[in-house]
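Since the structure comes first, as structure tokens, the remarks are kept for the end.
In the text below, chain A, chain B and the rest are named by the order of the sequence lines, each starting its count at 1.
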Amino acid sequence: MKLPKQYDAKQYETDIYMLWEQSGVFTADPTSSREHYAISMPPPNETGTLSIGHALFITLQDILARHARQQGKDVLWLPGTDHAALPVNAIIEKQLLKEGTTKHAIGREEFLRRTREFVGNSRQTMLGQMRMMGASADWTRLRYTLDEALNRCVNETFVKMYHDGLIYRGNRIVNWDPELETNVSDDEVMYEEEQGTFYTFRYGPFEIGTARPETKFADKYVVMHPSDKRYAQYKHGDTLKVEWINGPVTATVIKDEAVDPSFGTGVMTITPWHSLVDFEIAERHGLDKEQIIDLHGNLLPVAGEFAGMSIAEARPRIVEKLKNKGLLIKTDTDYVHHVAINERGRGVIEPQIRLQWFVDVNKPVVPWKGKKQSLKAVLQQVVRDKEVQIIPPRFEKIYFNWIDNLRDWCISRQIWWGHRIPVWYRTDPNGQQATYVGIQPPTDSGEGEHNWRQDPDTLDTWFSSALWTWSTLIDPELALDYNLPFEELLKNSPDFQAYHPTNVMETGWDILFFWVARMILATTYMTGQIPFRDVYLHGLVRAEDGKKMSKSRPESIIEPQTVIDTYGTDALRMALIMGVSPGNDQSWGRGKVEANRNFCNKIWNIARYCETVVGSSWSNENPVPASPADHWILARLATIQSGIGSDLDKYRFSEAYDKLYHFIWNDLADWYIEASKTDPNNQLLSYLLKAILILAHPFAPFVTETIWQTLPARDGTLASQPLVTLVTGDKKQATAFEKVQAIVGEARFIMKSLHAQRPSLFYADNLFMTHNGAVIQHLARLNKVAIGDPDSAQDNIHLTTSKFNCWLDIPKHKAHSYLDNLTKKQATEAATIKQLKQRLANEAYVKNAPEHVVMQTREQLKTAEEALESLQQEAARFR
RNA sequence: GGGUGAUUAGCUCAGUUGGCUAGAGCACCUCGUUUACACCGAGGGUGUCGGGGGUUCGAGUCCCUCAUCACCCACCA
């Protein structure tokens with residue numbers, strides 16, 4: 001097949017992907033005797049289309065998966081999607097709002113029907129895009145967080161935790177989002193700075209400060225630090241009558257260390273229903289708690305004349321009223337405070353006390369390493385003991401810091417989209433309230449209130465995601481047999497037995513807490529195993545200006561689809577790993593995609609060249625090196641191939657890529673192929689093409705497979721090829737080629753700086769030049785290379801890199817500027833020599849530095865001295 | 001308040017356990033239509049590796065300190 005001049009990715013990518021999928025090369029085999037290698041794909045949220053962040057993780061994981069296959073491992077890269085409760089719920093509610101309706105108006109059933117339709121469409125789009133990225137995932141094992149088998153795992157986990165006393169239901173203060181009408185976990189709350197007003201009011205004999213006057217109606221506790229001398233006269237429990245918003249109230253003095261005496265007046269009133277700190281104070285002293293704001297963000301009847309108003313409406317009026325009553329002391333408009341926002345839905349958080357389900361992270365009931373430990377302790381231990389290795393390691397500190405601050409995890413949500421909480425309630429026939437917690441619904445039924453009603457809430461998305469590494473490996477058929485106990489289910493699931501714990505979890509650092517930590521938590525608890533051995537955390541892809549891509553700046557968003565249309569998938573993939581280090585964010589750069597589009601084209605043209613030269617004499621035999629260039633390129637290949645292997649084993653994607661890029665472009669294309677034109681070795685050329693296609697395949701799967709499919713003597717798909725067997729060349733011969741490179745380099749430099757057009761090179765007869773003259777002539781683009789008489793060449797420019805007499809037919813009188821060059825080079829060499837001599841004169845250095853380093857220095861010195869001598873000789877000729 | 005990262009060429013960034021003369025891509029300058037490729041080839045880099053101090057035979061790399069920027073966690077009413 002004749003390849004066109006330029007590689008046009010669009011023409012081939014779709015067909016190539018189909019070829020792979022049909023060949024079954026991505027399908028894992030748990031019965032294989034080969035070493036198993038497993039990666040769980042972080043399931044993308046089904047919220048529309050794939051982002052550049054998805055493109056990045058697909059690239060990284062695909063490189064690992066394809067590389068592992070090349071190493072001969074049985075690879076499972078298990079793909080899936082996440083129902084993404086909160087984000088999806090937010091999208092649907094927004095749609096409903098646009099249509100002028102609400103979820104309550106259409107009802108739970110209709111709401112879920114619409115949601116399923118939306119996620120169904122999203123899923124198809126996203127799965128298509130994942131294939132477009134070249135993801136070598138095992139689609140026969142595609143999973144979805146709401147699959148029935150996964151749902152069973154969710155229920156199993158909930159029920160086990162419930163019976164172990166790890167899950168409890170209680171009235172606690174939660175982060176309530178009045179817009180989505182649900183609470184969210186601490187991790188889902190973010191704080192934004194806002195310029196606000198800080199008011200100081202008179203409260204009996206005290207002055208109290210607040211930024212939120214609208215919560216203050218029922219404040220009847222005045223709190224101060226126990227050792228604050230200013231208020232020593234007031235004793236804990238004292239009561240006093242004070243005039244307040246809606247008339248006089250009885251205030252009780254509370255002494256609590258939570259109060260910071262240096263902030264404001266050191267006195268505050270508390271609103272336990274709407275503040276965590278206040279709630280905790282109230283809990284410590286057994287104080288009353290009263291709700292002031294309803295779940296929609298409006299004031300309750302306790303607000304008197306303000307009842308029913310929104311916070312925004314009520315706030316200025318309350319201040320006005322207090323001012324009129326003479327209770328407003330001070331208004332500070334220059335006050336910066338932090339507003340809590342629901343990260344996923346953007347609603348402003350109003351803390352509320354609600355009856356919710358929680359996971360207790362401190363109760364020591366989890367058997368781990370022969371001890372009963374708390375979830376928190378297990379989380380700490382597996383990372384401290386390096387059972388789970390986090391890369392880059394600095395994230396361990398962040399991880400531990402998160403655990404130290406970890407509170408009980410609120411897992412219930414009031415949204416409708418998600419896993420329903422497996423708890424049912426009813427009134428017993430004898431009038432008692434009864435609760436049923438089970439993997440399946442209760443079977444005994446009753447009439448009316450005597451019938452079981454399931455808890456209306458759903459679980460936090462991360463509760464199901466936390467099970468991802470193993471819930472996806474459970475045999476989905478067996479999981480439907482509810483008579484089979486959970487332990488048996490694990491034992492009888494071949495995938496779980498073969499692939500768990502998985503090898504690596506590759507994901508963004510931004511979900512270290514949400515997801516990675518919770519996978520460790522739930523997996524150690526349920527399976528007794530860690531979920532993965534390594535955690536590789538990548539950074540965010542930022543916009544070209546270095547800022548976060550954001551929907552509010554649509555021009556900042558890079559769509560993978562658009563990039564692929566213009567440059568091809570391979571170019572996008574390599575642009576995403578080029579020059580990027582683990583855990584660090586990268587800015588998107590157009591230059592990087594273009595460079596890699598060009599790189600793909602380079603590979604393409606290397607193949608075109610091989611095709612013309614090798615033609616039908618293509619060979620799969622092991623090559624026999626003949627020329628120095630042959631020996632040299634084989635040595636380079638050996639270094640590069642093993643280097644890339646060890647880089648990838650250590651997740652050094654960027655370094656591996658860099659080695660690949662420069663081997664292919666510089667060593668192979670610029671040096672070897674050019675050199676081989678004077679001395680072709682077709683067998684070796686075939687071998688080299690095969691070797692680089694395989695090496696480049698994990699990074700650029702499409703262009704390499706496209707080329708592979710045109711080769712005459714191929715065997716199956718490139719995706720199924722192991723690395724080539726390395727052939728060792730002769731070291732001396734390889735060194736000879738390096739000498740050729742040095743001579744060519746110097747000749748090119750001289751010609752360039754003197755604007756000499758195709759001079760000839762002459763040399764005093766020697767064997768090296770007899771063998772390498774032709775290749776030097778070709779590489780340096782010389783007129784001819786021939787034996788000459790040194791005596792007649794005293795006026796010509798001699799090369800300084802060759803150890804024999806060798807000159808260009810450029811007379812020195814035409815080349816005065818060249819002398820400057822020589823002088824400069826001499827100075828450089830002299831400086832180097834001085835430095836190296838000093839180093840060797842230092843006894844401490846010779847004594848303490850490792851032997852090979854000292855030897856290296858001696859060699860450097862020798863080389864530099866020889867170079868200087870040649871330069872001096874040549875300079876002398878010019879004078 | 002606690003913590004992390006960044007600071008290296010004009011720009012964007014690499015640089016494993018300290019050890020060759022500190023690198024890449026892009027941009028830039030000069031030359032070149034050599035039949036694989038102009039999405040190309042050849043040549044071109046004097047960078048106080050943010051400042052200061054320290055450890056060491058040796059520091060971009062380790063320690064201390066300061067500065068600037070970014071981010072994470074906690075959060076004071």
Side-chain angles (χ1 to χ4, degrees), chain A residues 3 5-7 191 198 208-212 215-216 223 258-260 262-265 267-271 275-278 337-338 340 392 394-395 397-398 401-402 404-405 509-510 512-513 539-540 544 546-547 567 571 575 578-581 583-592 594-613 646-647 650 652 654-655 658 661-662 669-670 673-674 677 744-745 748-749 751-753 755 757 778-781 828-829 831-832 835-836 839 842-850 852-854 856-857 859-860 863-864:
Chain A
L3 302 178
K5 244 179 161 178
Q6 279 187 358
Y7 171 62
Y191 294 87
F198 191 76
I208 56 150
T210 184
R212 303 203 51 194
T215 63
K216 294 283 157 196
V223 192
V259 179
D260 177 2
S262 64
F263 184 85
T265 56
V267 182
M268 66 178 189
T269 59
I270 57 169
T271 314
S275 153
L276 175 64
V277 176
D278 295 2
H337 64 134
H338 296 99
R394 65 183 146 90
F395 280 98
K397 224 173 184 175
I398 296 170
N401 178 258
W402 177 79
D404 291 343
N405 292 309
W509 56 257
D510 52 325
L512 178 62
F513 310 141
L540 266 49
E544 286 201 76
K547 296 194 180 120
Y567 298 99
M578 175 182 186
V580 176
S581 46
N584 282 350
D585 294 352
Q586 61 173 311
S587 297
W588 174 255
R590 167 190 291 275
K592 292 206 277 189
E594 282 178 0
N596 284 297
R597 186 264 322 261
N598 297 353
F599 182 43
C600 291
N601 197 50
K602 192 75 191 180
I603 298 175
W604 183 255
N605 274 289
I606 289 171
R608 285 183 68 217
Y609 174 76
C610 294
E611 186 191 44
T612 15
V613 174
S646 67
D647 282 341
K650 291 170 195 151
R652 289 190 204 137
S654 174
E655 287 93 325
D658 199 61
Y661 182 94
H662 290 103
D670 292 344
I673 288 184
E674 282 311 313
K677 284 177 182 171
V744 168
R748 280 172 176 171
F749 176 75
M751 289 154 62
K752 210 66 177 185
S753 46
H755 301 288
Q757 297 286 327
H778 174 74
L779 288 172
R781 300 202 50 71
T828 313
E829 290 298 344
T832 308
Q835 204 185 354
L836 293 173
R839 197 180 298 171
N842 183 343
E843 278 174 38
Y845 172 70
V846 180
K847 207 176 93 190
N848 295 329
H852 72 274
V853 175
V854 178
Q856 214 170 33
T857 311
E859 273 164 34
Q860 278 164 26
T863 312

Euclidean distance, atom CD of residue Q586(A) to atom C1' of rC26(B) [Å, nearest integer]: 15 Å
Partner residues of T857(A) under the side chain to side chain donor-acceptor pair (under 3.5 Å) criterion, sequence neighbours left out: Y845(A)
Rounded P spacing from rG54(B) to rG15(B) in Å: 29 Å
Under 3.5 Å donor-acceptor pair, R394(A) side-chain atoms to rU4(B) base atoms: no
Distance, nearest 0.5 Å, that separates NZ of K752(A) from NE2 of H755(A): 9.0 Å
Show me the protein contacts with nucleotides 55-62 of chain B, counting only N or O atoms at under 3.5 Å.
from	atom 1	to	atom 2	distance (Å)
rC57(B)	OP1	N848(A)	ND2	3.4
rC57(B)	O2'	N842(A)	ND2	2.8

Side chain to side chain donor-acceptor pair (under 3.5 Å) involving R394(A) - partner list, sequence neighbours excluded: N584(A)
Touch class at under 4.0 angstrom, heavy-atom based, for N584(A) against every strand present: sugar-phosphate
C1' gap between rG10(B) and rC29(B), integer Å: 13 Å
K602(A) to Y661(A), cation-pi by 6.0 Å centre distance and 45° axis angle: no
Rounded distance (nearest 0.5 Å) linking atom CG of N596(A) with atom OH of Y567(A): 11.5 Å
Gap between atom CG of N598(A) and atom CH2 of W604(A) - 0.5 Å precision: 15.5 Å
Interatomic distance, I606(A) atom CD1 to I673(A) atom CD1 [nearest 0.5 angstrom]: 5.0 Å
Contacts of type side-chain contact (heavy atoms from CB on, under 4.5 Å), residue R781(A), not counting sequence neighbours: R758(A)
All side chain to side chain donor-acceptor pair (under 3.5 Å) counterparts of K397(A), not counting sequence neighbours: none
Counterpart residues, side chain to side chain donor-acceptor pair (under 3.5 Å), relative to D404(A) (two or more places apart): Q380(A)
RNA chain B: 5'-proximal contact among K592(A) and W588(A) (nearest heavy atom): W588(A)
Salt-bridge criterion met for K677(A) and E674(A) (N-O under 4.0 Å): yes
Rounded P spacing from rA70(B) to rU65(B) in Å: 23 Å
Contact letters for nucleotides 72-77 of chain B, in which S counts primed atoms plus P, OP1 and OP2 and B counts the base, heavy atoms under 4.0 Å: -S-BBB
Results of side-chain contact (heavy atoms from CB on, under 4.5 Å) for Q6(A) - residues two or more places apart only: N601(A)
Rounded distance in Å - CG (L836(A)) to P (rG19(B)): 17 Å
Whole-Å gap separating P (rG15(B)) and NZ (K650(A)): 14 Å
Pairwise C1' distance for rC28(B) and rC72(B), with rounding to whole Å: 39 Å
Interatomic distance at C1', rU46(B) relative to rA42(B), whole Å: 24 Å
Side chains of N605(A) and R608(A), donor plus acceptor under 3.5 Å: yes
For atom NE2 of H852(A) and atom P of rG19(B), their distance in whole Å: 10 Å
Integer angstrom distance from the P of rG41(B) to that of rU34(B): 15 Å
Separation between the P atoms of rG47(B) and rG60(B), rounded to whole Å: 15 Å
For RNA chain B, stems built from three or more consecutive Watson-Crick or G-U wobble pairs below 3.5 Å: B:1-7 with B:67-73, B:10-13 with B:23-26, B:28-32 with B:40-44, B:50-54 with B:62-66
Whole-Å gap separating P (rU21(B)) and CD (E859(A)): 13 Å
Residues forming a side-chain contact (heavy atoms from CB on, under 4.5 Å) with R652(A), sequence neighbours excluded: D647(A), K650(A), E655(A)
Rounded distance (Å) that lies between atom C1' of rG23(B) and atom CE of M578(A): 12 Å
side-chain contact (heavy atoms from CB on, under 4.5 Å) involving M268(A) - partner list, sequence neighbours excluded: V223(A), V259(A), I270(A), D278(A), I281(A)
Phosphate OP1/OP2 of rA14(B) contacted by S581(A) side-chain N/O (<4.0 Å): yes
Between C1' of rC11(B) and CZ of R590(A), the distance in whole Å: 15 Å
Protein-to-nucleotide contact annotation, 5' to 3' order, nucleotides 31-41 of chain B [B base; S sugar-phosphate only; - none; under 4.0 Å, heavy atom]: B--B-BB-BSS
Separation of the C1' atoms in rC69(B) and rC57(B), to the nearest angstrom: 37 Å
Presence of S753(A) side-chain N/O under 4.0 Å of rG43(B) phosphate oxygens OP1/OP2: no
